[in-house]
Amino acid sequence: MTSKLLFHDVHAILIPENISKTRIDIMRQRLTEKGGTVVTSTSTKVTHIITAHQCLHQVLGFLKLDTLPPDCKVVSPDFIAKSIQHGCLEHSGCEVQFIEPALPKKTESVIRVLDSDEELSEAETEPLDDYEQQLMESMWSESQAATTETDNEFENPPSIYSEATNAEATSNSNQTERKKIIIPEALLRYMNASPNSSENKNQHITDEFTRLVKRAETEGNQWRIRSYKKAVKIISKLSFRIMSKEDVKGLKGIGKNMTLKIEEILRTGYSLKAHTIPEKFGPLEKFKNIYGVGEKIAEKFYTIGYRTLEDVKSKATLTRDQQLGIKYYDDFLQRIPRSECSKIAEFVTKMVHELDANLICRMMGSYLRGSETCGDVDFMITDPNGLPNEGLLESIVLKLKNVGFILENLSSPASEDGHERIWRGICKLAGVGIARRIDILIVPFDELGAATIYFTGNTEFNRCIRLLARKMGYSLNQHGLFRKGPNGEKTLVASKTEQEIFDILGVPWKPATERNI
DNA sequence: TAGCAGTGTAA
DNA sequence: TTACAC
DNA sequence: GCTA
Ligand SMILES: O=c1ccn([C@H]2C[C@H](O)[C@@H](COP(=O)(O)OP(=O)(O)OP(=O)(O)O)O2)c(=O)[nH]1
Ligand SMILES: [Mg+2]
């Protein structure tokens, strides 16, 4: 055995708030079995604070301190798993970047929300009750954390999160028939954090289903694509090997058709449909891989009689984006190794800081979620002093062009009214022979929370949490969480931190790596 | 059988 | 409006 | 594609 264990020098405080008890237990176990020490008080040496909080005042409130202990790193809960995975203490990407709401007027805004709930209650948007309690509890637990006393050390994650479920909350759910808010299945799995690290026990099935995803993608039926993707997730997370169709009966997301497919795979070893690909799918897939070409245009090309990229290049009328899509066709088919992403992140951050050292620049998307390869690189830049300078985006892009990093512009959304700016383009890191897609978002500090949720993803996570918001009478986009009024007006409820948005929706905050749902 | 996220550009 | 992208 |  190695002489020193991984966490030998780690003396960590685990802050259980907004982390499930199961997860805390596992973290504590992993930590101690690899030589770490879990401490419960700041009177002894502390090297790490592990927390799901994003606000310094929440951490300090829990610890009942005015300042952080010296030489102490504050890291997110995935620090332990990541360190174990990498075999070394993995601080990068785990250190919490604190975000403080400019005005902690949370109570006020939440109460306002509840008021409007009351008014709306007969209009037919009608959360309330369990949900109201959740809101109250969130408020309560937060103010408590900020002032005193979370009575004892560990346990006491806000009880709301202990077991999220869509089951009938029988106890006090009578009164009027109010529409139940159904939490999307995928989001439920996120909330109930099954650290089910065991491997996929049904790979023979998910491999076939992954082929069906691909097939659906070239077909272009977005709902079928989504359904199969969901099914792959569900099946790959099962704790047992599927032996018969009985095993999947009742699994939400696996319906009649998929059950048949599973039966077929169990019986024959494969899905016929996954392996019988019509000839036209080849060309269609080729065309669809052009940036700016989707299912419809691919189909159009095929109908016209095009079969190869050469056909398209020489005969088709292309938009500018599509022309660039052809120019960089091979490059864009290649995924970006995480190591290259890291270099790009470092480089871009350096450039940005040369313009203004105060700016916050983070790589988002699949990189933030820990993917080993990424389809593109996504940057979010914000000025913690408030509104981003007019022209900041242009300065950044210009600078990156001048140093030869940015090669091309793609069409990008314009400032949709507010102060958010979006830029899309193509870049290439010196020493790397492959051009990459890059997205840059400039967000006003006020919208950082909402923008972070959006740009962290993944797409499925966003769609689920947005759907939940909608069912609860809100609307969530990259600018904020809005309450929907009776006449369709939307009033901003929260946007500054992920925490406040998650709190209102009753969803526990978890680090990006947990959002690959 | 309707609904499945929300927002923006190009044509 | 439709198609495509994030 | 699946669900309510
Ligand atoms: O339809 C979409 C596409 C993207 N996003 C958000 C979530 C996503 O994480 C982020 C960045 O988009 P991108 O397309 O880069 O996805 P990714 O998650 O970074 O994956 P990839 O590795 O393909 O870049 O924007 C959405 O909300 N809806
Ligand atoms: Mg990305």
Side-chain angles (χ1 to χ4, degrees), chain A residues 166 179-187 209 212-213 215-217 219-234 248 250-262 271 273 287-301 317-325 332 364-366 374-380 409-418 420-425 437-441 443 447 450-451 453-472 474-482 484 490 505:
Chain A
N166 281 325
K179 261 185 289 185
K180 252 182 50 188
I181 293 166
I182 307 243
I183 303 171
E185 274 316 295
L187 197 58
F209 271 52
L212 292 167
V213 171
R215 200 194 146 103
E217 278 171 346
E219 278 174 28
N221 182 329
Q222 57 162 325
W223 304 118
R224 187 174 296 158
I225 296 168
R226 193 181 174 191
S227 293
Y228 274 116
K229 280 186 174 170
K230 282 178 167 174
V232 169
K233 289 279 187 198
I234 292 167
V248 296
L251 273 187
K252 288 189 40 182
I254 315 287
K256 186 168 151 243
N257 203 302
M258 292 189 180
T259 303
L260 279 174
K261 297 258 189 311
I262 290 173
S271 154
K273 194 128 184 199
F287 300 156
K288 267 203 58 172
N289 281 331
I290 302 169
Y291 182 91
V293 173
E295 184 259 327
K296 301 293 179 185
I297 295 176
E299 190 76 40
K300 196 183 86 187
F301 287 166
T317 306
L318 299 172
T319 66
R320 176 180 157 72
D321 282 0
Q322 290 163 347
Q323 291 171 24
L324 291 169
F332 290 173
M364 309 294 291
S366 51
C374 301
D376 66 359
V377 289
D378 308 288
F379 284 95
M380 187 171 75
N409 292 6
L410 292 164
S411 42
S412 314
S415 38
E416 8 152 317
D417 188 48
E420 179 202 63
R421 303 291 311 278
I422 301 177
W423 182 87
R424 297 181 182 151
R437 279 276 299 106
I438 175 172
D439 291 346
I440 300 177
L441 252 76
V443 311
E447 299 180 1
I453 293 175
Y454 164 69
F455 222 27
T456 298
N458 58 14
T459 297
E460 187 60 32
F461 182 88
N462 289 354
R463 293 170 73 164
C464 287
I465 198 168
R466 286 174 181 206
L467 180 62
L468 176 65
R470 164 194 277 253
K471 287 181 176 164
M472 290 172 52
Y474 298 93
S475 166
L476 176 64
N477 62 22
Q478 61 266 54
H479 305 296
L481 181 68
F482 301 84
K484 284 189 278 195
K490 306 201 302 183
L505 296 176

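We name chains A, B, ... by the order of the sequence lines, and we start the count at 1 in each one.
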Peer 1: Compare side-chain N and O positions of R226(A) against OP1 and OP2 of dA5(B) and report whether any pair is under 4.0 Å apart.
Peer 2: yes
Peer 1: Measure from the side-chain heavy atoms of T459(A) and tell me the nearest of dA11(B), dA5(B), dC6(C).
Peer 2: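 Of all the options, the side chain of T459(A) is nearest to dA5(B).
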Peer 1: Please check the phosphate of dC6(C) (OP1 and OP2 only) for any side-chain N or O of R437(A) closer than 4.0 Å.
Peer 2: yes
Peer 1: Considering only dC6(C), dT9(B), dA5(B), which nucleotide approaches the side chain of A414(A) most closely?
Peer 2: dT9(B)
Peer 1: Measuring to OP1 and OP2 of dG8(B), would you say a side-chain N or O of R424(A) lies under 4.0 angstrom away?
Peer 2: no
Peer 1: Going from CZ on F482(A) to CG on L476(A), what distance comes out if it is rounded to the nearest 0.5 angstrom?
Peer 2: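 Going from CZ on F482(A) over to CG on L476(A), the span is 8.5 Å.
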Peer 1: Looking only at side-chain N and O atoms, does K296(A) come under 4.0 Å of OP1 or OP2 in dA5(C)?
Peer 2: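 Indeed not, no polar side-chain atom of K296(A) lies that close.
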Peer 1: Dump every N/O contact between nucleotides 2-4 of chain D and the protein below 3.5 Å, one line per pair.
Peer 2:
unit_1, atom_1, unit_2, atom_2, d
dC2(D), OP1, G255(A), N, 3.0
dC2(D), OP1, M258(A), N, 3.0
dC2(D), O3', G253(A), N, 3.3
dT3(D), OP1, G253(A), N, 2.6
dA4(D), OP1, K252(A), NZ, 3.1

Peer 1: Of the options dA11(B), dA5(C), dG6(B), whose atoms approach the side-chain atoms of Y291(A) most closely?
Peer 2: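 Closest of the options to the side chain of Y291(A): dA5(C).
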Peer 1: Quick one: which of dC4(C), dG6(B), dT9(B) gets closest to the side chain of R470(A)?
Peer 2: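 Of dC4(C), dG6(B), dT9(B), dG6(B) is nearest to the side chain of R470(A).
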Peer 1: Just call it for E295(A): base, sugar-phosphate, or nothing, with non-hydrogen atoms closer than 4.0 Å on any strand.
Peer 2: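 Since only primed, P, OP1 and OP2 atoms lie under 4.0 Å of E295(A), the category is sugar-phosphate.
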Peer 1: Write down the distance between NZ (K229(A)) and P (dC4(B)), rounded to a whole number of angstrom.
Peer 2: 19 Å
Peer 1: Specify the separation, in whole Å, of atom CD1 of I422(A) and atom C1' of dT7(B).
Peer 2: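 Taking CD1 of I422(A) and C1' of dT7(B), I get 8 Å after rounding.
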Peer 1: Choose from dG6(B), dA5(B), dA5(C) the nucleotide whose nearest atom is closest to any side-chain atom of R463(A).
Peer 2: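 It is dA5(B).
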Peer 1: In whole Å, measure the gap between the P atoms of dA5(B) and dA4(D) for me.
Peer 2: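 Per the computed distance, 15 Å lies between those P atoms.
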Peer 1: At 4.0 Å (heavy atoms only), tell me whether L468(A) reaches a base, stays on the sugar-phosphate, or touches nothing.
Peer 2: nothing
Peer 1: Heavy atoms only, 4.0 Å cut-off, all strands: where does K261(A) land among base, sugar-phosphate and nothing?
Peer 2: nothing
Peer 1: I'd like to check D321(A) versus Y291(A) (side-chain heavy atoms, cut-off strictly below 4.5 Å). Are they in contact?
Peer 2: yes
Peer 1: Name the residue from K288(A), K229(A), R226(A), R224(A) that meets the salt bridge (charged side-chain N to carboxylate O under 4.0 Å, His left out) definition with E217(A).
Peer 2: K229(A)
Peer 1: Whole angstrom is fine here: how far is it from CG in N477(A) over to P in dA5(C)?
Peer 2: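 One finds 22 Å between P of dA5(C) and CG of N477(A), rounded.
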Peer 1: Measuring to OP1 and OP2 of dA5(B), would you say a side-chain N or O of N462(A) lies under 4.0 angstrom away?
Peer 2: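 Checking N462(A) against dA5(B): no side-chain N or O falls below 4.0 Å of OP1 or OP2.
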